[in-house]
Amino acid sequence: MTEQLRFDNKVVIITGAGAGLGRSHALMFGARGAKVVVNDLGGDTAGGGKSSAAADKVVEEIKALGGEAVANYDSVEDGAKIVQTALDAFGTVDIVVNNAGILRDASFQKMSDADWDLILRVHLNGTKSVTQAAWPIMREKGYGRIVMTTSAAGIYGNFGQANYSAAKLGIYGLANTLAEEGRAKNILVNTIAPIAASRLTETVMPPELLANLKPEAVTPLVGWLAHESCEETKGLFEVGAGYIAKLRWERTQGHIFGSDRPFTPENVAQKWAKITDFTDSEHPAAVAETFGALSRAMSQKSLGGNEFIDLDVATREELVLESSYDERDLAIYALGVGAARDPMDDDERKFVYELGDFHALPTWGVMPQSNAMLEQAKDGGLKLPGMNYGFDRVLHGEQYTEVRGPLPKSAKLKHIFKFKHAYDKDPHAVVVFGVSTVDEHGDEIVYNEMTTFVKGAGGWGGERGPSADINTPPDRKPDAVIEEATDVNQTLLYRLSGDWNPLHADPAFAKAFGYDKPILHGLCTFGHVGRHVVKAMLGNDPRRFKSIKVRFAEPVFPGETLVTKMWKEADNRVIVETSVKERGKVVIKNAVVEFYDEIPVRKAKAAASDAAPVAAAEPGKVMPQDVFAVIADHVAGHPDLAAKVDTAFQFKLNNPESNWVLDLKTGSDAVREGIADKADCTIELDADLLHTVVTAPLADVQKLFFGGRMKVGGNVMASNKLTELSVIDPARYEEAMARRLAS
Ligand code: NAI
């Protein structure tokens with residue numbers, strides 16, 4: 001058992017110790033060897049009357065237990081007299097428990113000055129008075145323990161207790177400062193907010209609740225806080241019914257507007273969610289920590305901005321959005337930017353037909369992040385960090401898109417939007433955001449830079465930015481020209497890729513913006529231009545395509561003919577300009593497209609999962625013999641299979657080469673390596689696709705076939721019977737494979 005915490009030779013003053021909590025504390029101290037001053041005015045709960053009986057009775061109780069105690073009948077407002085009693089009887093003071101209290105509850109509306117004053121006098125002034133009289137003695141001896149009594153009403157507020165809660169929180173404020181002033185002199189000050197049955201609470205709480213709220217359940221905390229071995233100071237505790245918990249202040253991370261830049265109530269409103277967000281909150285415990293936050297604010301020099309553009313927020317925050325796409329998105333996009341208009345043309349089918357030698361158009365790289373942004377804007381408008389303007393002000397000025405290699409046929413992506421520049425073209429602004437798009441492996445697959453012209457958002461006195469005309473075409477005939485009409489319904493097709501702006505679909509809407517009819521999306525023209533370069537300069541093989549940078553000069557109307565001129569500047573660099581034939585207007589200018597020297601090879605982990613998107617299972621380092629062993633087990637366990645399937649299969653595997661027989665006709669020696677004497681059906685494919693054939697759904701197997709990755713000879717229809725192998729259940733296959741690999 002731990003040693004009893006004793007108070008031998010310690011002199012303790014407990015105010016209001018004639019009843020309730022104070023009495024309970026006094027008995028505890030008396031029983032543990034303290035010399036106790038039992039103070040009590042002996043009045044009623046509202047502060048009326050006076051009697052020595054209450055204090056005397058408790059003194060007697062302590063003495064009966066063998067303790068030492070004296071009574072004091074003064075009001076706590078006369079703190080010096082109470083301390084004098086301690087000095088006269090015991091010569092010093094070591095501990096003060098400020099506990100005395102009364103109530104004068106009334107709604108604030110009805111509260112009289114008398115009610116207000118009396119409560120503040122007894123609680124706040126009384127606590128101050130007793131403590132101040134004991135303070136020099138404690139300082140002198142370099143020892144003191146002070147326990148203050150506050151209340152939940154003070155901490156949280158409570159109807160009808162304006163006076164009481166003001167006084168009680170005042171006590172906590174007093175305690176916090178005394179804790180600081182007393183620290184160096186070993187005077188420790190703590191505050192409790194008790195809940196207990198007493199005459200103060202008997203009228204406000206139901207009897208069954210009061211029965212469980214014994215003052216004795218509060219006193220042990222007072223005993224510990226008042227003991228010399230306890231080093232706690234400046235603490236605040238809720239205590240009652242056998243429960244003790246500590247409270248502290250909590251502060252949000254807040255928002256720094258900066259001290260050198262004016263800001264408005266509107267700015268505060270905009271940042272309210274952040275100002276009040278307790279995620280990653282702090283728990284300041286001293287004034288210095290407030291100064292710490294302020295000095296952080298002061299040291300942060302504002303980069304400037306105005307009501308539309310806040311450069312401080314823009315540089316500090318980033319936006320992360322997610323999206324995904326698949327082959328269908330790629331095909332719809334390709335059609336939207338005019339690919340494969342002639343279905344008999346072999347060259348562009350690869351962009352729209354997923355079963356062939358399928359490729360993403362490189363300019364698709366701009367779409368996932370752009371779509372993610374548009375999607376997010378659907379609920380509440382544009383949310384780029386620090387940008388407080390809507391789409392109505394924005395014109396897409398320039399676009400740079402760089403793919404890190406051939407784009408995957410499907411991907412789950414994360415887009416990280418980071419502010420790059422804002423140029424002040426007073427009265428307008430030019431804003432540049434960089435967007436890094438990473439795939440599910442964390443590899444960056446595209447980097448975009450979007451330059452927007454923001455009407456009326458300039459004028460904060462910032463840099464004007466570069467104005468040099470770059471990437472202008474040389475003064476010679478272009479090395480290649482592609483002339484191609486857009487379709488009259490081009491925008492209607494393109495918008496299915498994600499940009500729903502009615503400007504591109506609704507004639508009335510377009511009219512309101514000053515156009516005779518819906519205009520082509522800028523990024524639709526961009527897609528056409530990129531495709532023209534792939535066609536003319538890369539022989540329609542998009543895999544070496546690296547980047548494209550364009551400036552949007554004029555809108556294009558659907559049905560107009562685009563003329564894209566290309567000047568080869570170097571092996572890997574082409575200057576591009578696109579105009580509309582019918583109007584002779586340049587629509588895309590200062591454009592440049594760059595190529596890689598060689599087709600970039602994506603990292604193994606990403607490439608592996610991309611190579612076999614149809615595979616239902618990826619059993620790692622499984623060899624054909626493993627797969628066939630599992631099939632052999634299965635066939636052995638299902639003697640009826642042969643009758644059902646009635647087909648002999650010959651597998652010809654490549655990379656590495658091997659031949660396997662699966663004879664479900666004769667049933668003898670059904671699975672073996674080698675060449676069959678007579679096979680109904682020959683199946684040829686890469687060894688690593690074998691597991692797909694036996695585990696994936698029929699549709700995926702057919703996809704391999706139609707995609708040219710699996711060749712079937714002989715009785716083609718018979719190959720469908722492979723599905724009769726119930727090893728096709730991927731879970732069972734995995735299980736069997738795991739068993740086999742383990743053995
Ligand atoms: P109580 O009424 O049983 O005891 C308070 C004692 O203080 C009484 O004996 C009273 O005569 C004495 N007293 C009143 N005015 C005095 C003065 N001017 N000078 C000297 N003694 C005086 O009340 P209880 O419940 O034991 O309250 C003790 C303390 O705990 C009070 O400060 C009260 O505000 C606080 N408290 C109590 C809660 C509870 O649930 N009981 C809740 C929150 C706070």
Side-chain angles (χ1 to χ4, degrees), residues 13-27 37-59 61 71-83 85 96-105 117-131 133 147-158 161 163-172 174-175 191-206 209-219 221-222 236-241 243:
I13 294 173
I14 300 140
T15 67
L21 288 163
R23 172 180 166 272
S24 168
H25 303 337
L27 295 177
V37 176
V38 177
N39 158 262
D40 207 294
L41 182 65
D44 61 31
T45 54
K50 196 173 170 22
S51 145
S52 58
D56 286 343
K57 191 161 172 269
V58 175
V59 168
E61 284 183 278
N72 172 285
Y73 317 118
D74 292 302
S75 166
V76 284
E77 292 168 83
D78 293 320
K81 290 186 184 165
I82 302 171
V83 172
T85 299
V96 171
V97 180
N98 287 295
N99 166 79
I102 52 169
L103 289 176
R104 282 277 181 108
D105 291 357
D117 291 342
L118 184 64
I119 291 297
L120 268 99
R121 270 178 21 227
V122 172
H123 285 276
L124 184 55
N125 294 0
T127 297
K128 171 256 169 192
S129 178
V130 177
T131 309
V147 178
M148 307 290 200
T149 308
T150 184
S151 155
I155 299 169
Y156 304 114
N158 197 25
Q161 296 197 304
N163 50 0
Y164 182 72
S165 56
K168 283 303 200 190
L169 203 59
I171 289 172
Y172 179 51
L174 172 66
T191 306
I192 65 164
I195 293 272
S198 75
R199 57 183 204 160
L200 281 192
T201 47
E202 68 191 2
T203 53
V204 290
M205 290 187 195
L209 184 61
L210 290 171
N212 291 310
L213 293 173
K214 303 217 175 352
E216 290 73 19
V218 173
T219 296
L221 173 63
V222 174
L236 172 64
F237 304 89
E238 283 187 3
V239 52
Y243 161 79

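In this chain, numbering begins with 1 at the start of the sequence shown. All ligand and atom numbering here is 1-based and tracks the order in the structure.
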Show the atoms of ligand 1 that are less than 4.0 angstrom away from any heavy atom in [X].
X      : answer
Tyr164 : 33 (C), 34 (O), 35 (C), 36 (N), 43 (C), 44 (C)
Ile195 : 40 (O)
Ser151 : 43 (C), 44 (C)
Thr201 : 39 (C), 40 (O), 41 (N)
Gly20  : 3 (O), 26 (O)

Could you tell me the residue and atom name of the protein heavy atom closest to [atom], and the distance to it rounded to 0.1 Å?
atom                    : answer
atom 21 (N) of ligand 1 : Leu41 N, 3.3 Å
atom 23 (O) of ligand 1 : Leu200 CG, 3.2 Å
atom 19 (N) of ligand 1 : Val76 N, 3.1 Å
atom 18 (N) of ligand 1 : Ser75 OG, 3.1 Å
atom 22 (C) of ligand 1 : Ala100 CB, 3.5 Å
atom 9 (O) of ligand 1  : Asp40 OD2, 2.6 Å
atom 4 (O) of ligand 1  : Ala19 O, 4.1 Å
atom 8 (C) of ligand 1  : Arg199 NH2, 3.3 Å

Taking 4.0 Å as the limit for heavy-atom contacts, which would you say applies to [X] with ligand 1: side chain only, backbone only, both, or neither?
X      : result
Ile102 : side chain
His123 : side chain
Arg23  : neither

Take Leu213 and Thr201 through the test side chain to side chain contact (heavy atoms under 4.5 Å, CB included) and record every step on the way to the result.
CA-CA 10 Å; Leu213 293 173; Thr201 47; over 6 Å; no
Any non-hydrogen side-chain atom of [X] less than 4.5 Å from a side-chain atom of [Y]?
X      : Y      : answer
Asn98  : Ile171 : no
Arg23  : Glu61  : yes
Val147 : His25  : no
Asn99  : Thr15  : yes
Ser24  : Val218 : no

Are the side chain of Ser129 and the backbone of Asn125 linked by a donor-acceptor contact shorter than 3.5 Å?
no
Donor-acceptor contact below 3.5 Å, side chain Thr150 vs main chain Lys168:
yes
Decide side chain to side chain contact (heavy atoms under 4.5 Å, CB included) for Val130 and Val96; before the verdict, give the C-alpha distance in whole Å, the side-chain angles of both, and the deciding distance to 0.1 Å.
CA-CA 8 Å; Val130 177; Val96 171; 3.9 Å; yes
Please verify whether a non-hydrogen atom of [X] lies at under 4.0 Å from ligand 1.
X      : answer
Pro194 : yes
Val122 : yes
Arg121 : no
Ala196 : yes
Leu213 : no
Asn99  : yes

Please walk me through it: do Leu103 and Tyr164 pass side chain to side chain contact (heavy atoms under 4.5 Å, CB included)?
CA-CA 7 Å; Leu103 289 176; Tyr164 182 72; 3.5 Å; yes
So is [X] polar-close to ligand 1, meaning N/O to N/O under 3.5 Å?
X      : answer
Ser198 : yes
Thr150 : no
Glu77  : no

Do you know which two heavy atoms are closest between [X] and [Y], and how far apart they sit?
X     : Y      : answer
Asn39 : Asp74  : ND2-O, 2.8 Å
Gly18 : Asp40  : N-OD2, 2.6 Å
Gly16 : Ala100 : N-CB, 3.5 Å

Which is closest to atom 20 (C) of ligand 1 by heavy-atom distance: Leu21, Asn39, Thr149?
Asn39
Give the single entry among Gly43, Gly16, Gly101 that approaches atom 14 (C) of ligand 1 most closely by any heavy atom.
Gly101
Contacts of Ser52 that satisfy side chain to side chain contact (heavy atoms under 4.5 Å, CB included) - sequence neighbours left out:
Asp56, Tyr73
Hey, which of Val59, Asn72, Ile14 is the one that makes side-chain contact (heavy atoms from CB on, under 4.5 Å) with Val37?
Asn72
Given Val76 and Val122, is the side chain to side chain contact (heavy atoms under 4.5 Å, CB included) satisfied, shown in steps?
CA-CA 7 Å; Val76 284; Val122 172; 4.2 Å; yes
